[in-house]
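The structure under discussion appears below in the form of C-alpha cells.
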Amino acid sequence: MMLRTLCRTGGALLRQTQRATPRLWVLPAQQRWASSLPVNTVVLFVPQQEAWVVERMGRFHRILEPGLNFLIPILDRIRYVQSLKEIVIDVPEQSAVSLDNVTLQIDGVLYLRILDPFKASYGVEDPEYAVTQLAQTTMRSELGKLTLDKVFRERECLNSNIVHSINQASDEWGIRCLRYEIKDIHVPPRVKESMQMQVEAERKKRATVLESEGTREAAINVAEGRKQAQILASEGQKAEQINKASGEAQAILAKAEAKAKAIGMLSDALTEQNGGAAASLSVAEQYVSAFSNLAKESNTILLPSSAGDISGMVTQAMTIYGTLAKSSPKAAAVLEETSDDFGGRSSQ
C-alpha cells in the first residue's frame with residue numbers, strides 16, 4: 001500500500017510539474033519547445049519516444065527508458081530530456097553566391113532525429129541550433145560550387161550533398177540528418193529578367209528549329225514521292241517493253257508456223273495432178289501484180305529487157321521449177337517462197 005501511494009504521489013507531482021513549468025527556448029535560427037526537467041520523485045514514468053539523462057552526484061549515470069523507472073532521491077538528478085521523434089527545423093532565409101557570381105536568397109527545411117541521447121546531451125550545447133548553423137554554412141559552400149542554371153536543375157543533388165555534409169559533422173553529436181529540402185530560391189530582379197529573356201530566346205530557337213525540320217521533312221517527302229514515281233514509271237516502261245517484245249516474238253513464231261504450214265500445203269498440192277499448171281498460173285498472176293505496181297511507190301525503176309514478154313517470163317520460171325522439182329520435191333516450195341519474195345520486192 002505504501003509503494004502504491006508513493007507511485008501515485010510521484011506521478012501526480014510529475015504531471016503537475018510538466019503542466020506548470022513549460023520552458024520555451026528562443027534561438028536566432030529556430031524555436032524549440034521542450035518539457036521542463038522532471039523532479040526526482042523516486043518513481044518516474046518516462047513517456048514514449050523520450051530519453052531522460054540521469055546524473056548521479058553530478059556525473060552521468062544512465063538513460064531512463066520509456067515506462068516505469070526508479071531513482072534515488074537527492075543523489076540522482078534528471079539533467080536532460082531528449083525527444084527521439086523526428087524534428088523539423090525551419091532554416092531561415094540566407095544569401096549565397098553561386099559559381100557565376102549571382103547572389104541568391106535561399107531558405108530551407110531540415111529534418112533530423114536524435115539517435116544517441118548521451119552524445120546529444122554532452123557532445124554539444126544545443127544540438128538543434130548547431131545543426132541549423134551547419135546546414136546554413138554547408139548550403140553556402142555547396143551553392144558556391146554550382147552555376148545558377150545548375151542550382152535549378154540539380155536541386156535534388158544539392159539537397160543530398162548538404163545532407164551528406166551535415167551527417168559527417170553531426171555524428172559526434174548523436175544527431176542524424178534525414179533530409180534537407182530547399183523551399184524557395186530568390187534571384188535578383190535583373191537576373192530574373194535575363195532568365196526570362198533567355199527562356200524566350202530558347203523557345204524562339206526551338207520554334208525555328210522545328211519549322212526548319214518541318215520544311216526539311218516536307219522536302220524529303222516530296223523527293224521521295226518523285227523518286228517512287230520515277231521508279232514506278234520506269235518499271236511500267238520495262239514491263240511494257242517486255243510485253244511488247246514477247247508479243248513480237250509470239251507474232252514471229254506464229255508467222256513462221258503459218259508459213260511452214262503454207263509451204264507444206266503447197267508442196268502437197270504440187271505433187272497432185274495438174275499441180276504444175278496451177279503453179280504456172282500463180283507465177284503469172286504474181287508477175288502481173290508486181291508489174292502493175294511499178295512506179296507507184298518509188299521513182300526508181302529497174303526493168304529487164306523483156307519486161308513485156310509475160311509468157312517468156314512464166315516459161316522461164318516454170319522451167320526452173322521443173323528442173324528443181326526433179327531433183328527435190330522440197331525445192332519447189334523454196335522456189336515458191338522465192339517467187340513470193342520477188343513479187344514483194346518488185347511491188348516495192
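FYI, side chains are in, hydrogens and waters are out, and symmetry mates aren't considered; it's all heavy atoms of this structure. Here the structure is a predicted model, which means the values were calculated and not measured.
No donor-acceptor pair closer than 3.5 Å links the side chain of D107 to the backbone N or O of Q94. Judged by distance alone, with hydrogens and angles left aside, the side-chain atoms of S170 form a donor-acceptor pair with the main-chain N or O of I175 at under 3.5 Å. Panel note: side chain D100, backbone T147; no donor-acceptor pair is recorded below 3.5 Å. Between the side chain of S246 and the backbone N or O of I242 there is no donor-acceptor pair closer than 3.5 Å. The backbone N or O of E65 lies less than 3.5 Å from a partner atom in the side chain of N69, making a donor-acceptor pair.
L44 and V39 make their closest contact through CD2-O, 3.5 Å (heavy atoms, listed as atom of the first residue, atom of the second, distance). Closest approach of I114 to S83, counting heavy atoms only: CD1-O, 3.7 Å.
Between V54 and R77, the closest side-chain pair of non-hydrogen atoms is not below 4.5 Å. The shortest distance between side-chain heavy atoms of L148 and L104 falls below 4.5 Å. Within the 4.5 Å cutoff, the side chain of L143 has heavy atoms near those of the L158 side chain. Side chains of N159 and I182 form a contact here, defined as non-hydrogen atoms less than 4.5 Å apart. Looking at heavy atoms from C-beta onward, R226 lies out of side-chain contact with N221 at the 4.5 angstrom threshold. Here the side chains of V109 and V91 are not in contact, with every heavy-atom distance at 4.5 Å or above. At a threshold of 4.5 Å between non-hydrogen side-chain atoms, the residues L68 and V46 do not count as touching.
Ion pairing of D171 with K119 is absent here, as no side-chain N (NZ or NE/NH1/NH2) approaches a carboxylate O to less than 4.0 Å. We find that E156 and R179 are not joined by a salt bridge, their nearest charged nitrogen and carboxylate oxygen being 4.0 Å or further apart. Salt-bridge check for E200 with R203: failed, with every basic side-chain N at 4.0 Å or more from each acidic carboxylate O.
L178 and I87 fall into different hydrophobic clusters, defined by Ile, Leu, Val, Met, Phe, Trp and Tyr side-chain heavy atoms under 4.5 Å apart, directly or through other members. Two different hydrophobic clusters hold Y111 and I106 under the rule that ILVMFWY side chains link at heavy-atom gaps under 4.5 Å. Residues W173 and V53 are members of separate hydrophobic clusters, defined by side-chain heavy-atom contacts under 4.5 angstrom among Ile, Leu, Val, Met, Phe, Trp and Tyr.
Heavy-atom contacts from other residues, nucleotides or ligands closer than 6.0 Å to CD1 of I74 number 12 or fewer. A 6.0 Å sphere centred on CD of E240 holds no more than 12 heavy atoms belonging to other residues, nucleotides or ligands. Under a cut-off of 6.0 angstrom, the local environment of CD in Q49 is crowded, with over 12 non-hydrogen atoms contributed by other residues, nucleotides or ligands. Within 6.0 Å of CD in E211 there are 12 or fewer heavy atoms belonging to other residues, nucleotides or ligands. Heavy atoms of other residues, nucleotides or ligands lying less than 6.0 angstrom from NE2 of H164 number 12 at most. Counting heavy-atom neighbours within 6.0 Å of R140 CZ, excluding the residue itself, gives a total above 12.
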Inset, instruction - Tell me, with the steps shown, if R216 and E213 meet salt bridge (Lys or Arg N to Asp or Glu O under 4.0 Å). - result: CA-CA 5 Å; R216 185 187 65 178; E213 289 180 354; 5.1 Å; no

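No option in Y122, W52, F118, F60 other than Y122 meets the side chain to side chain contact (heavy atoms under 4.5 Å, CB included) test with Y80.
A donor-acceptor contact closer than 3.5 angstrom links the side chains of S121 and Q82.
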